Protein chains: 2
Amino acid sequence: MMIDIDLLLACGAAYKKVSAGEVIFREGSNCLFYYQLVSGSVRWINVDDEGHEFIQTIIDEGECFGEIPLFDEGPYAATAIAEEDSVLIRLHRSSFNQLLKDSPDIHFAFSHLLAKRVRFKFLLLKALALNAPEARIATLIKYLKAENKNFCPKCNQLKLTRQQIADMTGLRVETVIRAMRNMHDKGELVIEKGKVYC
Amino acid sequence: MMIDIDLLLACGAAYKKVSAGEVIFREGSNCLFYYQLVSGSVRWINVDDEGHEFIQTIIDEGECFGEIPLFDEGPYAATAIAEEDSVLIRLHRSSFNQLLKDSPDIHFAFSHLLAKRVRFKFLLLKALALNAPEARIATLIKYLKAENKNFCPKCNQLKLTRQQIADMTGLRVETVIRAMRNMHDKGELVIEKGKVYC
DNA sequence: CCTGTTTTATGCGTAGAATCATACCTGAAG
DNA sequence: CTTCAGGTATGATTCTACGCATAAAACAGG
């Protein structure tokens, strides 16, 4: 989901560059902007007291993010951090709201997006609550592949480290590494020189 | 979130009675109606091969449910089962769509609702991925209390069995019972004759 | 008040994920 | 080619939630 950049600029949006590791917004803080990722990548995480991360999602080029508070008036539910040097475009929330009011089509596109977000969370919650490590990982990979997210369709390669997969499934790196080796041995995916193909 | 019943009826909605245990719609099936719960309660679940349930949410009187596919055109992400004898009101999806188009206010109310759904899922996923049993349960209870969901504000009593809490947090009954006894001993909640007050 | 059913309670052995330690690839930079 | 860092691999040990068994409350119905 992405709004046309020219339209955004016409509404008063501005580009913003962020460097790898920079925090774009923090869990619990107020939402001031609508954000869209022009280039780079952003990870959207929760952190606990021991420093363990849960990655809600990793945002690729051309996706918007942090849109929930724009619709329900709450604070951010997670922290957005640039994974690599990235370029964002951002629009003040009041302008975004006006845009929604003026354009029912855009509003419907966002309802669609929100519904998809809920759907993905349903899927992952089900997997975390009911499934053992291998099945959790399989669920995540299947979803990412279907959505072409964090995935290269040309070379069929998953663009995530074991650590990132662990942080998206509530597991530890070692567990993910072992589980995925198993899946490789069972022919459920291919690991070659550490890279994952599926 | 609930649409005015007179308005729904004017759009062609109809009442429907269901008995306890009856399936209203099933995971994976197509969405034909918008549903609203008039009386009773409905649980919205995923089931795995071994028969273990994950309860995505328990719907109380006056809430709508199963709205995701109406917005993203996908199949149902979970199965809805009547917990007790209940009365629903349902509206054909085409009429619902028309209603959204005709009434931007209602459309905005649903965007708000969808955003809240995503927010709750964020919260729970974070808890399932990062937290031990007690903290998971605490997160769930805190949320339910704040939303007055499955909770009696008059007597401060949680209206869920340990089994239901287990099925909402990806734990086993015994684990939940033990964890909640602990929380009681630590003064984090009160258990009296098996009932939970917080 | 008795009876049966549902829910809560508690003990105990076990499976398996977390944790810690260590070593090995792999690709990028000099 | 060598060095180095980030990622992957693997063994050993700990820890705790699970799974099963059994019992005791709590409650509804007759």
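Values in this document were obtained by computation on a predicted structure and should not be read as measured data. Lettering of chains follows the sequences in order, A, B, ..., and the numbering in each one begins at 1.
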Sequence neighbours excluded and cut-off under 3.5 Å, please list the side-chain donor-acceptor pairs for residues 166-178 of chain A, or say none.
from      : atom 1 : to        : atom 2 : distance (Å)
Asp167(A) : OD1    : Gln163(A) : NE2    : 3.2
Thr169(A) : OG1    : Ile165(A) : O      : 2.7
Thr169(A) : OG1    : Ala166(A) : O      : 3.3

TODO: Not counting sequence neighbours, list each pair that qualifies as a salt bridge (charged side-chain N to carboxylate O under 4.0 Å, His left out) and has a residue in residues 181-198 of chain A.
DONE: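 Non-adjacent pairs meeting salt bridge (charged side-chain N to carboxylate O under 4.0 Å, His left out): Glu134(A)-Lys186(A), Lys186(A)-Glu188(A).
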
Task: Nearest atoms (heavy-atom pairs only) where Asp72(A) meets Arg119(B) - done: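 Looking at all heavy atoms of both residues, the closest pair is OD2-NE, 2.6 Å.
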
Show me the side-chain donor-acceptor pairs of residues 50-57 of chain A shorter than 3.5 Å, one per line, residues at least two apart or across chains.
from     : atom 1 : to        : atom 2 : distance (Å)
Glu53(A) : OE1    : Arg43(A)  : NE     : 3.2
Glu53(A) : OE2    : Arg43(A)  : NH2    : 3.0
Gln56(A) : OE1    : Lys121(A) : NZ     : 2.8
Gln56(A) : NE2    : Asn46(A)  : OD1    : 2.8
Gln56(A) : NE2    : Phe122(B) : O      : 3.1
Thr57(A) : OG1    : Lys149(A) : NZ     : 3.2

Task: Ser86(A): partners by side chain to side chain contact (heavy atoms under 4.5 Å, CB included), with sequence neighbours left out - done: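 In terms of side chain to side chain contact (heavy atoms under 4.5 Å, CB included), with neighbours along the sequence ignored, Ser86(A) is linked to Val18(A), Leu37(A), Ala82(A), Glu84(A).
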
Open item on the list: Under the ring pair (Phe, Tyr, Trp, His ring centres under 6.0 Å) definition, can you give me all pairs with a residue in residues 155-174 of chain A, not counting sequence neighbours?
Closed with: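 Not a single pair qualifies under ring pair (Phe, Tyr, Trp, His ring centres under 6.0 Å).
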
Task: ring pair (Phe, Tyr, Trp, His ring centres under 6.0 Å): pairs with one or both residues in residues 133-169 of chain B, sequence neighbours excluded - done: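 Qualifying pairs, neighbours excluded: Phe120(B)-Tyr143(B).
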
Please list each protein N or O that sits under 3.5 Å from an N or O in nucleotides 14-20 of chain C, with the distance.
from    : atom 1 : to        : atom 2 : distance (Å)
dA18(C) : OP2    : Arg172(A) : N      : 3.4
dA18(C) : OP2    : Thr175(A) : OG1    : 2.5
dT19(C) : OP2    : Arg172(A) : NE     : 2.6
dT19(C) : O4     : Arg178(A) : NH2    : 3.0
dC20(C) : N4     : Glu174(A) : OE2    : 3.3

- [ ] Estimate the overall bend of the helix from dC1(C)-dG30(D) to dG30(C)-dC1(D) from the end axes over five pairs each, rounded to 10 degrees.
- [x]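 It works out to 50° between the end axes.
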
Open item on the list: Would you compute the distance between atom NZ of Lys145(A) and atom CG of Leu140(A) and round it to the nearest 0.5 angstrom?
Closed with: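 If I round to the nearest 0.5 Å, the distance is 13.5 Å.
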
TODO: Calculate, to the nearest 0.5 Å, the distance between atoms CG and CG belonging to Leu128(B) and Leu124(A) respectively.
DONE: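 The distance works out to 10.0 Å.
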
Task: Covered region of DNA chain D, 5' end to 3' end, by chain A [heavy atoms, under 4.0 Å] - done: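 Listed 5' to 3', the contact boundaries are dT8(D) to dA12(D).
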
Open item on the list: Side chains of Ser95(B) and Gln98(B) only: does a donor on one sit below 3.5 Å from an acceptor on the other?
Closed with: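 No pair is found: no donor N or O on one side chain lies under 3.5 Å from an acceptor on the other.
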
Open item on the list: Using whole Å, what does the distance between atom C1' of nucleotide dA9(C) and atom CG of Asn182(B) come to?
Closed with: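 To the nearest whole Å, that distance equals 13 Å.
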
Task: Interatomic distance where CD1 belongs to Ile177(A) and P belongs to dA23(C) [whole Å] - done: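 Answer to the nearest Å: 17 Å.
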
Open item on the list: I'd like to know whether the aromatic ring centres of Tyr35(B) and Phe25(B) sit less than 6.0 Å apart in this structure.
Closed with: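 Judged by ring-centre distance (under 6.0 Å), Tyr35(B) and Phe25(B) do meet the cut-off.
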
Task: Below 4.0 Å: OP1/OP2 of dT8(C) and any side-chain N or O of Arg162(B) - done: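 For dT8(C), OP1/OP2 do have a side-chain N/O of Arg162(B) under 4.0 Å.
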
TODO: Identify, with sequence neighbours excluded, every residue that meets ring pair (Phe, Tyr, Trp, His ring centres under 6.0 Å) alongside Tyr34(B).
DONE: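 Only Phe96(B), Phe110(B) meet the ring pair (Phe, Tyr, Trp, His ring centres under 6.0 Å) criterion with Tyr34(B).
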
Open item on the list: Just to verify, what does Tyr15(B) make a ring pair (Phe, Tyr, Trp, His ring centres under 6.0 Å) with, not counting sequence neighbours?
Closed with: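 Partners of Tyr15(B) by the ring pair (Phe, Tyr, Trp, His ring centres under 6.0 Å) criterion come out as none, since no residue qualifies.
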
- [ ] May I ask you to list the residues of residues 185-198 of chain A, by number, that have any heavy atom positioned under 4.0 Å from an atom of DNA chain C?
- [x]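 By residue number: Lys193(A), Lys195(A).
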
